[in-house]
Every structure is written in structure tokens, then in C-alpha cells.
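A quick write-up on the structure given underneath.
Computed over heavy atoms, backbone and side chain alike; hydrogens, waters and symmetry mates excluded.
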Amino acid sequence: MLGGKFSDAWCVRYRNTLVMRFPKILPMMLALGIAHWGLPANSLGDSPTGQPETANPVSDEMSHPTLQGSGDISEILPFLKDTDRPLKWWNVLILVNQDSPAGLEIVKMYRQFHPDIKDHQVLHLAGLTDSATLTSTPANEIISRSDFETLIAQPTRDHLTSLGIENRTYVIITTAGMPYRIEDTDPDFANVVMPAASDPGLTVTNRNLVNAASVESELSVLFQIDPQLDETARAPINGRLVNPYQGYRSSIKKWALDRDILGKRNGFRWSNMWRIFKSALMEGEFNGAGYAALERRMSPADIYLVSRLDGPRLQGEYPVHAVYNMLLRSAMVSDPNHPRFVGLNEADSILVLDHSPTPPAPSVFAYTEVLNMPPQFQILDYETHPIPPGGEDYGTLFTAANHFFRAHEWATGSPATAGATGQVSATLTLGGISFWDDTGTILNGALVGDDQSIIALQSYGRNGGDGRPTNYLLVSGPNNGPLFKCSPGAIFSSLESYNAVTMFLNPFTNQGKICEFIEMGGTGAVGHSFEPEVGGTIQGEFMISNYLRDDDGDGVSDLCLVEALYTAIPYLSWTELALGDPLTRVRSGEGGRIKVAPRPGDANRDDYVGFSDILLVLTHFDSVLSEPAYSVLADVNEDGRVDGDDINTVMSNYNEDYSDLD
């Protein structure tokens, strides 16, 4: 027996199958000493310690459960008013390009991590260009306004309303293979959205006229921008809308009793804030005496939180492996039933707040207004403000703050020191230490302990004026490697205008990219799909504190990833893109550190190339991307098919031990 699981006859049968399929592999097997499978030897796939491998060699760590759901609407649990429940699987709708093998595979993977999701919670969209093929380029990430409305928005409205789940659904998930950058309808503004680029001056100058947007931000107000609405109630697509969830600390499901997406949208009014030049629009009555609109009606009850499952790749590669890694990291920190769960150990986790003084930074980009609340409030909650405050409460001012300084104070309870650097215990969050820096230093992993890794990174990025390279996230760390080591669940935002202009790694952009943070080992991020103007700065104090708050002390964060990210976003119907598994909730645990170094041939991710890796590839042999039999783990060379090249990769690295690699 091998590891107490496989008979000699079984091993011989698979040996013969392998040799029949790949005659050239026999000399390699003989050289490696595994031609006589079935005999107890360390070379049969046992670990380097001489102990048998414990992972099941015929299944990967997702275990490929049967996909659930027949399409019967009755299968969705009738939780219409579950105000005290966190966001769960029944609150999700997934959108996928039906002609994208990579997108279909990502949906399959996501349902393996969340097996309760039903068939009718997946909407297959027709007619879209596939932005995730081996020949795709950043140009395929762009969609026209008319195609967005016809091929994405209206089918989504029809699907939600036909099933009667427009209120029960709080989260919309978009997937790789779908375009995500909507180009402007005005030819004069064509350069607002260009492949992997954006014209900042054109956007800022015309910020009240531009109707370009990210698909995800536009889906947040899906029913408010419906062209079939009366013009007086319909939200304009030109410019940007104040996010009614900005600055809240409450889970969005606190508004479950108030949620009436279709019924309330006809009563909204859209007003500019006349004291702000080229202002965003706020729902409410126009206020001629002050800043904010009066008698607001729109609240977090009226929006969707939208997150994208996409990942970094070079042109000529699929994103599915990167997305799998991102989903696995989420499970490692949020799913105690997952075999790889480790949770977050506050003793080893760092919040990095990489502020930059002026100079060297050209401007204090971190100091912006929080438009959704007046200055007497630092944060809102459902109990005191089920509807965000209106002009009646504002007087003549908005809340304005430096979002880095506040993030440090909210995490530690003590103020940050200008011009200083240092580490302070983050006693007010699940994270352990706040690493504050307000100097020209490029913070990186060399400045923290070998056993420490980051759970959050808020950075000026290239706008800090410290001379860092454009791909600093991947090359500005120790030994020219990743900037930091990441804990499972690590999140990121930066004060960079173009950090989400593409999901491809290789087109040059002059700033860091959120997809590079995922490549670095991150789990979630939020960025801009084109120039956002300074008012669109992601307000990291809300993102970090809400992601890591545990007010009830149960060892689980109070908000999910997508909730935390949206509370930090100033505008909707604008540039922003949230990336990651929206349902991620940080849990305390023994902790761990993400390893990102390549491990050729290690199909089952156990840091050792052995017999179980061969069996995993054989189990999924002759399958291609999006087929039921395909496994992202068995596809070790990441070309979208499980075939002889994968066997050769495993055999070429047989007995390799990667346990010392980061």
C-alpha cells in the first residue's frame, strides 16, 4: 500500500495508463525510480521526511463538490428581512460572459468555494467580447455605453426582477472575461478611457460632464440609471454620484427592512452642491443656502455592492490561476471549514500606512472631503442615520480629513506623528501593529520582522515622490522582490489615479496596479479604472477599520470585504473597481503567510512534487478550461488544458522540495 490508501494493483494500473499515453515518459520514470509503483519507497511520492503525503492525491483542496441548484427559485432561502445576518451566499448574483472559458471556470471555482450558490444566482451574458483569452489585450477590457446597457445592465435588471430577488440580492459579482471600463459617449472625451491608460487633464476638467465609468460602479446604481425611468427621477450618467454608504460602520443588511429598490427609485432627486465647483450630484432637494442636498431619501438600502473576480496575468495568459489563488487566500482567512484555513494572528500582522509629506509628494492628496456626512460626525451608523444626513445638518462644511492620519488613530487610539516613522499596537482592530511612516522612505518588508506580514497596505504609491519604480509592489522589497509578504486576507489601496486601468501586468503604466498587489500575495483591493480626480481618493480609514473591526469581540470582523471597500469609496457611477471575494470576513486564528514563489510541478500545493501530483493531473487528464473535469490545480503549466505537458512538468520536477521558498 502507498500511504495506506492505494493498492499495488491500483498503482500499477495508473503506471501503465501513464506509460501508454506517454511512452517517452518511461525513461524518466526509471531514472526517478518510480517505474515500480506499488513498492514502499521514499520516491513513490512520500514526503522528504519519509512520511507519506497526507493530501488526497485524486482530489484538489477545493474537493470539487457537485454544483448545487436546479434553477428553481424556491431553492433560494426565504430570508427577506435578515437584518442581523452578515452577507451570505443567498445575497449574491454572479455575472459571467457566456462565451468566456476563463470566466466560466472562475464561476465554477467560486461555487466550489461557496457550494450553496444556486444555478439561478449565475447570469450568463451573451454578445460580450472576451477580455480573458490568450489573445486578449487591454483594448478588450473596454465596452461602449450602448453595449453596457444592452448586454450587461438590462439583462441583469430583467434577471433580478423576473425572479423577484432584486431586494434580497445585495452583492453583484463580475468576472474576468467581461469588459469593465465603459468608454464615454462623447468623442471629445474618448481619451478618458484608453487601453491601459486615461487622460487626467481631460477627465478632471470635464468631471461634471464625463459619462465614462467602470462597469462595477455603474452596476451599483443599476436601477437608478435605468433609461426607462422618468427623466426627473433617473440618475444622470454624466459626472459622479455621492455614495450614500460612504463613511458608515454598519453592515449593509441593517437596511434590509428599508430595501425597496424598485419602489423607491421613482422618488429620487439629483442635485449639485453649488458651493463646490463642478460638484458631484447628491440625491435630495437642491439647497441654495449650503453645500449638501436637503431631505435626502437615498440610503445604502438602494445600492448594490459590486466586486470583480479577476486577476493579474501577462498578455498570452489566462487569469484563472491568479483568481484561484485570490479565492484560496480568502478561504484561508475567512472559512474555518476549509482545509487550508489559518485565520489572522494579530501578533504577526501589520497595517502599513505609508504616508508621504509634501515635499517630496507634490500635493497632500490624502486630505479630502467626506461628502456623505457633516463635520460633526466622523463615522455613521444605521441606528442614528438610516438615511445619510442632509443639508439640514451640514451648515456650510463637509467633513475633511487626512485619511492616513485617521487610519492610524482609528486603529491604535493614538494620533500619528507628522514626519515620523514607527510601529504602534493596533488595539482597536484584529490587526496587530500599525506601521506608520510620514517620511520619504519606501517602506518594504526589510523594515518588519521575518515572521511578520501585512494585512493592509495604504500607500501614496508613485505619487509619494520618493522615486519608486512603477512596479514597486513587485520589485521594491527585499532582494528586489515583492514589497511585503502578505497575510491571507491582505487588502490594498493607493493614491494613484490609474491603478485599475488594466488587469494585465505587462502594459506599461506610470503607476502601481491593484492587480500587482494580488500578484504580490494580496486578497482584495480597490482602485480607479480611469482618472478619478482628487475627490475620488479612496478613504482608507473606513476601508481598514471596517475590514478589521470586531466590536462584539467574537474574533470575526464585523463587515465583509466588499462592505469595507464601499464605505471608503466617495463616488458611484464613476471610476472605482473593487477586486476580490466580496464575502471575505477576517477571522482570528494561528495565522500564516502567503507564499508566491513559483513551484513548478507542485499540483496539490503541498510544497513537494510527488506521486500525488501525478495522480491529480491524471484524474483531470484530457480536460480543458471550463469543462467539468478541468482542475486549475492539475493544469500546472497554466495553459488552459490538462495534458501531457502537465505530466512532463511534474515529472521534470519530481522529488523537488519547495518548503523553504517564500
Side-chain angles (χ1 to χ4, degrees), residues 55-56 58-69 89 92-119 121-125 130-133 171-178 307-313 317-335 337-341 488-489 503 515 518-519 521-524 561-562 578-584 594 602-605 616-617 619-620 623-642 646:
N56 184 347
V58 295
S59 66
D60 61 42
E61 59 203 1
M62 292 188 294
S63 74
H64 291 288
T66 302
L67 298 185
Q68 302 290 315
W89 62 265
V92 165
L93 175 69
I94 307 172
L95 308 184
V96 62
N97 181 350
Q98 71 174 23
D99 298 315
S100 173
L104 293 169
E105 182 62 31
I106 287 167
V107 172
K108 187 179 78 174
M109 289 192 304
Y110 192 72
R111 295 183 67 180
Q112 289 163 343
F113 281 99
H114 299 278
D116 291 319
I117 290 175
K118 311 302 181 186
D119 288 347
Q121 292 176 259
V122 180
L123 174 58
H124 294 76
L125 300 169
D130 187 354
S131 63
T133 70
V171 177
I172 297 176
I173 298 175
T174 59
T175 48
M178 293 177 58
S307 188
R308 186 173 180 88
L309 299 181
D310 203 342
R313 71 274 197 183
E317 296 179 345
Y318 289 114
V320 292
H321 286 77
V323 175
Y324 171 80
N325 291 336
M326 184 171 67
L327 294 175
L328 177 60
R329 294 164 195 159
S330 171
M332 291 172 69
V333 78
S334 64
D335 182 2
N337 296 316
H338 195 279
R340 295 283 299 276
F341 173 78
M503 291 292 115
C515 66
I518 303 303
E519 182 80 357
T523 302
L561 171 65
V562 72
L579 192 64
D581 182 349
L583 301 182
T584 305
I594 297 300
D602 183 17
N604 66 0
R605 311 289 185 93
L616 179 55
V617 175
T619 300
H620 301 280
S623 61
V624 299
L625 204 63
S626 82
E627 289 183 351
Y630 174 85
S631 165
V632 67
L633 297 184
D635 182 12
V636 293
N637 66 351
E638 303 184 8
D639 65 352
R641 55 192 317 117
V642 182
D646 300 295

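With sequence neighbours left out, the ring pair (Phe, Tyr, Trp, His ring centres under 6.0 Å) criterion links Y318 to no other residue. Partners of S307 according to the side-chain hydrogen bond (donor to acceptor under 3.5 Å, both in side chains) rule, which considers only residues two or more places apart in sequence or in another chain, do not exist here. Partners of T133 under the side chain to side chain contact (heavy atoms under 4.5 Å, CB included) rule, at least two apart in sequence or in another chain, are D130, T135, S136. Under the side chain to side chain contact (heavy atoms under 4.5 Å, CB included) criterion, S131 pairs with N140, E141, R308, not counting sequence neighbours. A search for side-chain hydrogen bond (donor to acceptor under 3.5 Å, both in side chains) contacts involving D635 returns Y630, not counting sequence neighbours. Shown here are the ring pair (Phe, Tyr, Trp, His ring centres under 6.0 Å) partners of H114, two or more places apart in sequence or in another chain: Y110. Applying the side chain to side chain contact (heavy atoms under 4.5 Å, CB included) criterion to D99, with sequence neighbours excluded, gives N97. Listed by chain and number, the residues in a side chain to side chain contact (heavy atoms under 4.5 Å, CB included) with L104 are V96, H124, S626 (sequence neighbours excluded).
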Practice prompt. Output, in order, the C-alpha distance, side-chain angles, deciding distance and verdict of side chain to side chain contact (heavy atoms under 4.5 Å, CB included) for L633 and N604.
Written response: CA-CA 6 Å; L633 297 184; N604 66 0; 5.8 Å; no
Worksheet item: side chain to side chain contact (heavy atoms under 4.5 Å, CB included) between E638 and R313: does it pass, once the steps are laid out?
Response: CA-CA 11 Å; E638 303 184 8; R313 71 274 197 183; over 6 Å; no
Worksheet entry | side chain to side chain contact (heavy atoms under 4.5 Å, CB included) assessment of L327 paired with L309 | CA-CA 9 Å; L327 294 175; L309 299 181; 4.0 Å; yes
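Note that the CG atom of N637 and the CG atom of D646 stand 4.0 Å from one another [nearest 0.5 Å]. Annotation: the span from Q112 atom CD to I117 atom CD1 amounts to 11.5 Å, rounded to 0.5 Å. Distance check, rounded to the nearest 0.5 Å: CE of M178 to CD1 of I173 gives 11.5 Å. Atom CZ of R329 and atom CG of N325 lie 5.0 Å apart (nearest 0.5 Å). Here CG of D581 is found 10.0 Å from CG of D335. Values are rounded to the nearest 0.5 Å. Rounded to the nearest 0.5 angstrom, T174 OG1 and I106 CD1 are separated by 10.0 Å.
Taking both residues in full, the closest heavy atoms of P319 and D310 are given as CB-OD1, 3.8 Å, listed atom of the first, atom of the second, then distance. Of all the heavy atoms in A629 and H620, the pair that sits closest is O-ND1, 2.7 Å. Here the closest heavy-atom approach between residue I518 and residue L579 is recorded as CG1-CD2, 3.8 Å. Counting all heavy atoms, side chain and backbone alike, G521 lies closest to I594 at O-CG1, 3.8 Å. Between P488 and T523, the shortest heavy-atom distance links the atoms C-OG1, 4.0 Å. Shortest non-hydrogen contact noted between E105 and L625 is CG-CD1, 3.9 Å.
Classified by interplanar angle (parallel below 30°, tilted 30° to 60°, perpendicular above 60°), the ring pair F113/H338 is parallel.
The main-chain N or O of T584 is never found under 3.5 Å from a side-chain atom of S334 such that the two would form a donor-acceptor pair.
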